[in-house]
Amino acid sequence: MSQIAENFSHIKENMHKTARAAERSPEEVVLVAVSKKQPTEKIHEALKTGHRVFGENRVQDALAMWVPIKKTYPDVQLHLIGSLQTNKVKEAVSLFDVIETLDREKLVDALVGEMRQQNKNIPCFIQVNTGEEPQKSGVIPARLPDLLAYARQAGLTVQGLMCIPPEQEPPALHFAFLSKLAKQHDLKSLSMGMSGDFEKAIALGATHIRVGTALFGVRAP
Ligand SMILES: *Cc1c(COP(=O)(O)O)cnc(C)c1O
C-alpha cells in the first residue's frame with residue numbers, strides 16, 4: 001500500500017471510530033481531502049484509493065490541477081474552501097461542486113448571476129467567522145441571519161455552515177457554537193475540523209471535515 005493509501009485508511013478508520021463513539025452514523029461524515037499545494041502524484045495516489053471528494057483554497061491553482069483530472073474522473077466532487085473574489089466567480093462556478101466560503105451579499109449576487117449563466121445550482125456553505133478575527137474571512141455571527149435570508153431569497157442553495165476556529169483558542173468551543181447556529185437556522189451540514197482537531201468536530205456534529213496534512217503530508221511553502 002502506498003503511504004497515501006495508508007493515510008487514507010487510517011483517517012477513515014479514525015473517523016468511523018469517532019462517529020460511533022458519538023453515537024453518530026459514520027456515513028454522515030464526509031472526508032474532504034484538502035489537496036492545495038500538494039504534488040499531482042499524491043492526488044493520483046488518493047484517486048487510486050477510490051477517494052473522490054477534495055478541497056482547494058485558490059481558484060487559479062485548482063483550475064490548473066483539476067480541469068485535466070476531472071476529465072478522467074468526472075465523479076470528483078471539488079469543494080472551494082478558500083475565500084472567493086467576485087472576479088473569480090465565473091471560473092469558480094465552472095470548476096467547483098460545492099462552495100464553502102460564502103460570506104457576503106455581493107458574492108451572493110455574483111454567484112446567482114453566474115450560476116444562471118452556466119445553468120448550474122452549486123450548493124454553498126456560509127463561512128462564519130466565529131472568533132470575529134479581523135484578518136479572517138467569514139460573516140460575523142451577528143450578521144449571519146441577514147446574509148442567510150438574503151442568500152435564500154436570491155435562490156441560492158445554502159446547505160450549511162463552515163468555520164475555521166482561531167488558532168489560539170480551544171476549537172471545541174467554536175465547533176459547538178457553529179453547531180448551535182446551524183440548528184437555529186435549520187441548516188443540515190457543518191464543515192468543521194482539520195488534521196489536528198477533526199475528532200472533536202465529529203463529536204460535535206461535523207458532517208464535513210477538511211483534512212490536508214494528515215493525508216498528504218506537509219505542504220510546499
Ligand atoms: C488548508 C486548509 C485545511 C486543511 O488543513 P490541515 O491542517 O492541513 O488538515 C482545512 N480547511 C481550510 C479552510 C484550509 O485552508
Side-chain angles (χ1 to χ4, degrees), residues 1-8 11-12 30-104 106-127 135-138 156-157 159-160 162-164 189 191-196 198 208-221:
M1 220 196 276
S2 76
Q3 183 63 55
I4 301 288
E6 247 174 64
N7 294 347
F8 268 83
I11 295 287
K12 283 180 178 173
V30 177
L31 173 61
V32 179
V34 177
S35 51
K36 67 182 187 200
K37 294 193 178 71
Q38 296 287 356
T40 317
E41 308 84 74
K42 291 190 174 180
I43 310 312
H44 278 282
E45 288 296 335
L47 288 162
K48 268 195 248 163
T49 72
H51 194 81
R52 291 295 180 267
V53 187
F54 293 88
E56 285 281 347
N57 70 334
R58 296 172 62 113
V59 176
Q60 231 54 40
D61 294 350
L63 282 168
M65 172 80 82
W66 289 98
V67 167
I69 296 178
K70 274 190 151 195
K71 290 199 176 112
T72 318
Y73 299 93
D75 55 340
V76 158
Q77 291 280 313
L78 204 56
H79 289 229
L80 178 63
I81 60 169
S83 58
L84 178 56
Q85 293 169 285
T86 45
N87 64 0
K88 300 269 168 59
V89 160
K90 187 174 181 171
E91 286 159 316
V93 168
S94 76
L95 180 70
F96 288 95
D97 304 286
V98 179
I99 290 170
E100 295 202 13
T101 50
L102 184 65
D103 63 355
R104 58 200 191 279
K106 206 176 149 204
L107 189 54
V108 171
D109 294 341
L111 284 167
V112 167
E114 191 56 42
M115 287 186 203
R116 202 167 288 148
Q117 284 289 318
Q118 298 189 31
N119 196 21
K120 284 184 167 177
N121 179 13
I122 300 172
C124 298
F125 288 64
I126 292 180
Q127 181 179 354
Q135 83 288 2
K136 201 168 266 176
S137 47
L156 218 56
T157 301
Q159 185 185 329
M162 177 269 217
C163 79
I164 309 169
S189 298
S191 173
M192 55 191 201
M194 320 202 300
S195 291
F198 69 85
H208 294 71
I209 60 171
R210 309 178 308 268
V211 179
T213 316
L215 294 169
F216 297 111
V218 177
R219 284 179 283 276

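No experiment lies behind these values; they were computed from the predicted model shown.
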Novice: Can you list every pair that meets ring-ring contact (aromatic ring centres under 6.0 Å, His included) and has a residue in residues 67-100, with sequence neighbours left out?
Specialist: His79-His208
Novice: What is the minimum heavy-atom distance between Ser195 and Gly212, and which atoms define it?
Specialist: OG-N, 3.6 Å
Novice: Might you point out which heavy atoms bring Gly138 and Asp103 nearest each other, and give the distance in Å?
Specialist: N-OD2, 3.4 Å
Novice: Take Thr72 and Leu47 through the side-chain contact (heavy atoms from CB on, under 4.5 Å) test and state the conclusion after the steps.
Specialist: CA-CA 10 Å; Thr72 318; Leu47 288 162; over 6 Å; no
Novice: Considering non-hydrogen atoms only, spot the tightest contact between Gln38 and Gly217 and give its length.
Specialist: NE2-O, 3.1 Å
Novice: Checking Lys120 side chain against Val93 main chain: does a donor-acceptor pair fall under 3.5 Å?
Specialist: yes
Novice: side-chain contact (heavy atoms from CB on, under 4.5 Å) between Thr213 and Met194: does it pass, once the steps are laid out?
Specialist: CA-CA 9 Å; Thr213 316; Met194 320 202 300; over 6 Å; no
Novice: Output yes when Asp97 and Lys70 qualify as a salt bridge under the 4.0 Å nitrogen-oxygen rule, no when they do not.
Specialist: yes
Novice: Can you find a pair of side-chain heavy atoms, one from Ile11 and one from Phe198, that are under 4.5 Å apart?
Specialist: yes
Novice: Is there side-chain contact between Glu91 and Gln60, with heavy atoms separated by less than 4.5 Å?
Specialist: yes
Novice: Would you find a donor on one side and an acceptor on the other, under 3.5 Å apart, between the side chain of Ser191 and the backbone of Met162?
Specialist: no
Novice: Mind checking whether His44 and Ile4 have side chains closer than 4.5 Å, heavy atoms only?
Specialist: no
Novice: Measure the shortest side-chain to side-chain distance between Phe125 and Val98 over non-hydrogen atoms and say whether it is less than 4.5 angstrom.
Specialist: yes
Novice: Is it true that Lys48 and Glu45 have a side-chain N and a carboxylate O under 4.0 angstrom from each other?
Specialist: yes
Novice: Between Gln127 (side chain) and Ile81 (backbone), is there a donor-acceptor pair under 3.5 Å?
Specialist: no
Novice: With the side chain counted from C-beta on, respond yes when Thr86 and Arg104 share a heavy-atom pair under 4.5 Å apart, and no when they do not.
Specialist: yes
Novice: To the nearest 0.5 Å, what is the distance between CD on Glu100 and CD on Gln159?
Specialist: 8.5 Å
Novice: So, taking the atom named OG in Ser35 and the one named CG in Leu215, what distance separates them when rounded to the nearest 0.5 Å?
Specialist: 10.0 Å
Novice: Go through Val59 and Leu95 one step at a time and tell me if the side-chain contact (heavy atoms from CB on, under 4.5 Å) criterion holds.
Specialist: CA-CA 8 Å; Val59 176; Leu95 180 70; 5.8 Å; no
Novice: Is a side-chain donor or acceptor of Thr101 paired with a backbone partner of Gly82 at a separation under 3.5 angstrom?
Specialist: yes
Novice: Check whether any side-chain heavy atom of Phe216 lies under 4.5 Å from a side-chain heavy atom of Ile43, and answer yes or no.
Specialist: yes
Novice: Minimum heavy-atom separation for Cys163 and Arg210, please, with both atom names.
Specialist: O-NH2, 3.1 Å
Novice: Taking all non-hydrogen atoms of both residues into account, name the closest pair between Ile99 and Leu102 and its distance.
Specialist: CG2-N, 4.4 Å
Novice: Stepwise, does the side-chain contact (heavy atoms from CB on, under 4.5 Å) test hold for Arg58 with Lys88?
Specialist: CA-CA 10 Å; Arg58 296 172 62 113; Lys88 300 269 168 59; over 6 Å; no
Novice: Nearest heavy-atom pair of Leu31 and Lys12: which atoms, and what distance?
Specialist: CD2-CE, 3.8 Å
Novice: Give the table of side-chain donor-acceptor pairs shorter than 3.5 Å for residues 107-119, with sequence neighbours excluded, one pair per line with atom names and distance.
Specialist:
unit_1 : atom_1 : unit_2 : atom_2 : d
Asp109 : OD1    : Tyr150 : OH     : 2.7
Asp109 : OD2    : Tyr150 : OH     : 3.0
Glu114 : OE2    : Gln118 : NE2    : 2.7
Gln118 : OE1    : Ser94  : N      : 3.4
Gln118 : NE2    : Lys90  : O      : 3.0

